[in-house]
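This report concerns only the one structure given below.
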Amino acid sequence: MKTLLSITIIFCAIATQAQSIVLDGLYPEELAGSGFRLTSNSTIKVEGSGAVFYEDWKAIIYYGWIIDSKTREVVWHQFDAMKDRNSEDLNGQIDFKVNVNLDAGNYEAYFAAAYSNGNDWNRSGNTWAVRNFDDVVKRLLNAHERRRFRGSYSDDFFMKVSGDNLSKIDLEALLDEKISGSVISFNKVRDDKTMKKGFGLSGETKLKIYAVGEGDRDETFDYLRIYNMDTRESVFEMDYDNTDFAGGAKKNLKFDGTVTLAKGNYMASYVTDDSHSYEKWNALPPDDPYFWGTTIWPASERDRRNIVEYEEPKTATPIVDLTRVRDDQVVSQGISLSSAMDVRILCIGEGDDSLVDYGWIINANTREKVWKMRESRSEHAGGARKNRQVSDVISLPAGDYIVYYSTDGSHSYGDWNDTRPHEADMWGITLWATNESDMRKVSSFDPSDFRNKNALVEILMVRDDEYIRETFTLDEGTDVRIQAVGEGSDGEMHDYAYIRDESGRVVWEMEYRDSDWAGGANKNREFNDKIYLKKGTYRVVYKTDGSHSYERWNASAPDDPEMWGIVILKE
């Protein structure tokens, strides 16, 4: 009994012994964190050395803070310990020692070595934003005391947290506890990542969303979107307007709120660009750096009962998939519909005042456009503002159709010159059936093999330096429709067609003044009209010069590139 009592006394002494956490050894763009627990309301000691140094046009700042693991709110920040100090007491290295009163609970301590370009730092509530960096630096450092950063200083800067009722706990365990019961959790997301996970709802459900990312008024870089996979519609997007400041650099954004979604199947997607993430911060990190990403919980136990397994809709299989399109490409796919049906379209491309990467659909027999992506009907596709998308549903009669997508020489899948769109792998055009039963109505064909049953002559996909001739015969005088696409500029045609009768007389010729713009480069011209021809035999000629023809474009291709040539149809 005596031995047991001695062991108990020793254990209690160890349990109440002051413990501490030390965060140190950081170089620029690095961050360290640790968790701790307070078993009762306590006063803890926070001490250490921070710093502000100039390196070229930026500043390097060493600083620390503490957040409440449950609420994710800042409960202490190093800048608070400096705000009342006289500027003459603040040098490149800034020592601090404060007592902080905290309630019993779990906490996370962070220490960072981060760059700032001076755009944002002002205390607002429990978060910091740098609004006027010059004023802050003047407060922290006298002009003659500003020194350039040297790597050897990294060992001098640290933050220590200690207290009688403080015990260090694993930070990963704290995070796991916080995300328990979540529907989806993508945390500590790194550069150039696309994280996706589906979930189902058996009825209308309220969800609590917590997401930390990056963006500004013009575009978002690291952010969350949720899609209704039954309709392919975006039902939630994290952006500048619906987020709050997340602490640190002003580009750090936070959404902390609820959304209500109807019954259905959904996909949560979180994407990051190539910089400023949990992998490496190129500016001040957010107050809650380990939650860079998103976590989604049911808002109540009642809502939790509506969470079901995600079921991929049968209609999620595309009937046309022209995606991941790269620079300077024109891609196409033909489809035949055995009866009328509704088709869902998603087209993602590039445009500002006008679209340069875009898609369209034509009737393969009449060559008439039945749908085209238009800038005026587009919406932001995430990332750079020039990323545009159109989501649409159209009704198509039974018939043959060709779907096209064209890109210019920059900013496309795999070679972005600005922030990529949210669904980067969908760059192009995709078609789905809206009803599962309609999927069997669709068959595919190669557009280059398609032949119009009403065609008298087809000379198509003509290349450079060609002189192609074909003949046809009419048993009686009739109207015929001529569809021709070629090249013309300055009032003259360079790639064009003409028709001669049996005597050799030219009865029709494609001329610039009678042609219209064919889409793409201004020099792309088209003719589409009826003419009357007498009974007899006719020779059709299509000729091209040495540049800008099918698949050898030296400027933007026309809207219907495979029509480079001539088709003559019976009316």
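Keep in mind that this is a model prediction, so the values were computed, not measured.
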With distance as the sole criterion, is a donor-acceptor pair present between the side chains of [X] and [Y] under 3.5 Å?
| X | Y | answer |
| --- | --- | --- |
| Lys206 | Asn306 | no |
| Ser185 | Thr295 | yes |
| Trp371 | Asp392 | yes |
| Ser277 | Glu279 | no |
| Tyr310 | Glu312 | yes |
| Thr419 | Asp273 | no |
| Asp95 | Ser49 | yes |
| Asn165 | Ser42 | yes |

If you measure from [atom1] on [X] to [atom2] on [Y], what distance do you get to the nearest 0.5 Å?
| X | Y | atom1 | atom2 | value |
| --- | --- | --- | --- | --- |
| Lys386 | Asp357 | NZ | CG | 9.0 Å |
| Ser69 | Arg37 | OG | CZ | 9.0 Å |
| Arg377 | Glu379 | CZ | CD | 10.5 Å |
| Asp303 | Thr260 | CG | OG1 | 8.0 Å |
| Met267 | Tyr227 | CE | OH | 10.5 Å |
| Glu214 | Met238 | CD | CE | 10.0 Å |

Residue pair [X] / [Y], side-chain heavy-atom distance below 4.5 Å:
| X | Y | result |
| --- | --- | --- |
| Thr294 | Ile209 | yes |
| Tyr115 | Ile61 | no |
| Ile429 | Ile345 | yes |
| Thr194 | His422 | no |
| Lys254 | Thr243 | no |
| Asn387 | Ile348 | no |
| Thr434 | Val393 | yes |
| Val235 | Leu261 | yes |

*Step by step, work out the side-chain contact (heavy atoms from CB on, under 4.5 Å) result for Lys251 and Asp216.*
CA-CA 6 Å; Lys251 64 182 179 178; Asp216 56 33; 5.7 Å; no
Checking the side chain of [X] only, and the main-chain atoms of [Y] only, is there a donor and an acceptor separated by less than 3.5 Å?
| X | Y | answer |
| --- | --- | --- |
| Thr220 | Tyr223 | no |
| Thr205 | Gly203 | yes |
| Glu233 | Ser391 | no |
| Tyr413 | Met426 | no |
| Asn242 | Glu237 | yes |
| Trp297 | Val183 | no |
| Tyr358 | Ser354 | no |
| Ser34 | Ile21 | no |
| Arg388 | Asp352 | no |
| Lys178 | Lys70 | yes |

Please determine if [X] and [Y] form a salt bridge, counting it only when a charged side-chain N lies under 4.0 Å from a carboxylate O.
| X | Y | answer |
| --- | --- | --- |
| Lys208 | Asp256 | yes |
| Glu172 | Lys188 | yes |
| Arg72 | Glu108 | yes |
| Arg232 | Glu423 | yes |
| Arg385 | Glu219 | no |

side-chain contact (heavy atoms from CB on, under 4.5 Å), paired with [X], selected from [options]:
| X | options | answer |
| --- | --- | --- |
| Val100 | Thr43, Ile44, Val75, Val161 | Ile44 |
| Trp281 | Pro286, Ser275, Pro28 | Pro286 |
| Trp427 | Arg420, His411, Gln389 | His411 |

Heavy-atom closest pair, residues [X] and [Y]:
| X | Y | result |
| --- | --- | --- |
| Val330 | Ser406 | CG2-OG, 3.8 Å |
| Ala114 | Leu284 | CB-CD2, 3.6 Å |
| Leu224 | Ala268 | CD1-CB, 4.3 Å |
| Ser162 | Ser20 | CB-CB, 3.7 Å |
| Leu174 | Gly35 | CD1-CA, 3.8 Å |

_With a sphere of 6.0 Å drawn around NZ of Lys193, does it hold more than 12 non-hydrogen atoms of other residues, nucleotides or ligands?_
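No, the 6.0 Å shell around NZ holds no more than 12 heavy atoms from other groups.
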*Arg190 atom CZ: more than 12 heavy-atom contacts under 6.0 Å*: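 Counting other residues, nucleotides and ligands, CZ of Arg190 exceeds 12 neighbours.
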Measure the acute angle between the ring planes of [X] and [Y], then classify it against the limits of 30° and 60° as parallel, tilted or perpendicular.
| X | Y | value |
| --- | --- | --- |
| Phe255 | Phe236 | perpendicular |
| Tyr63 | His77 | parallel |
| His276 | Trp292 | perpendicular |
| Tyr62 | Phe157 | tilted |

*Please say which of Tyr270, Tyr290, Phe186 ends up in a ring pair (Phe, Tyr, Trp, His ring centres under 6.0 Å) with Tyr278.*
Tyr290
*In sequence, state the C-alpha distance, the side-chain angles, and the governing distance for Ser412 and Glu350, and then conclude on side-chain contact (heavy atoms from CB on, under 4.5 Å).*
CA-CA 8 Å; Ser412 66; Glu350 177 191 7; over 6 Å; no
*Does Lys314 make a cation-pi contact with Trp432 (under 6.0 Å, within 45 degrees of the axis)?*
no
*Please report the C-alpha distance between Ile67 and Tyr107 in whole Å, then the side-chain angles of each, then the deciding distance to 0.1 Å, and finally whether the side-chain contact (heavy atoms from CB on, under 4.5 Å) criterion is met.*
CA-CA 6 Å; Ile67 69 171; Tyr107 297 89; over 6 Å; no
_side-chain contact (heavy atoms from CB on, under 4.5 Å), that's the test. Do Ser269 and Ile226 meet it? Break it down for me._
CA-CA 6 Å; Ser269 175; Ile226 301 176; over 6 Å; no
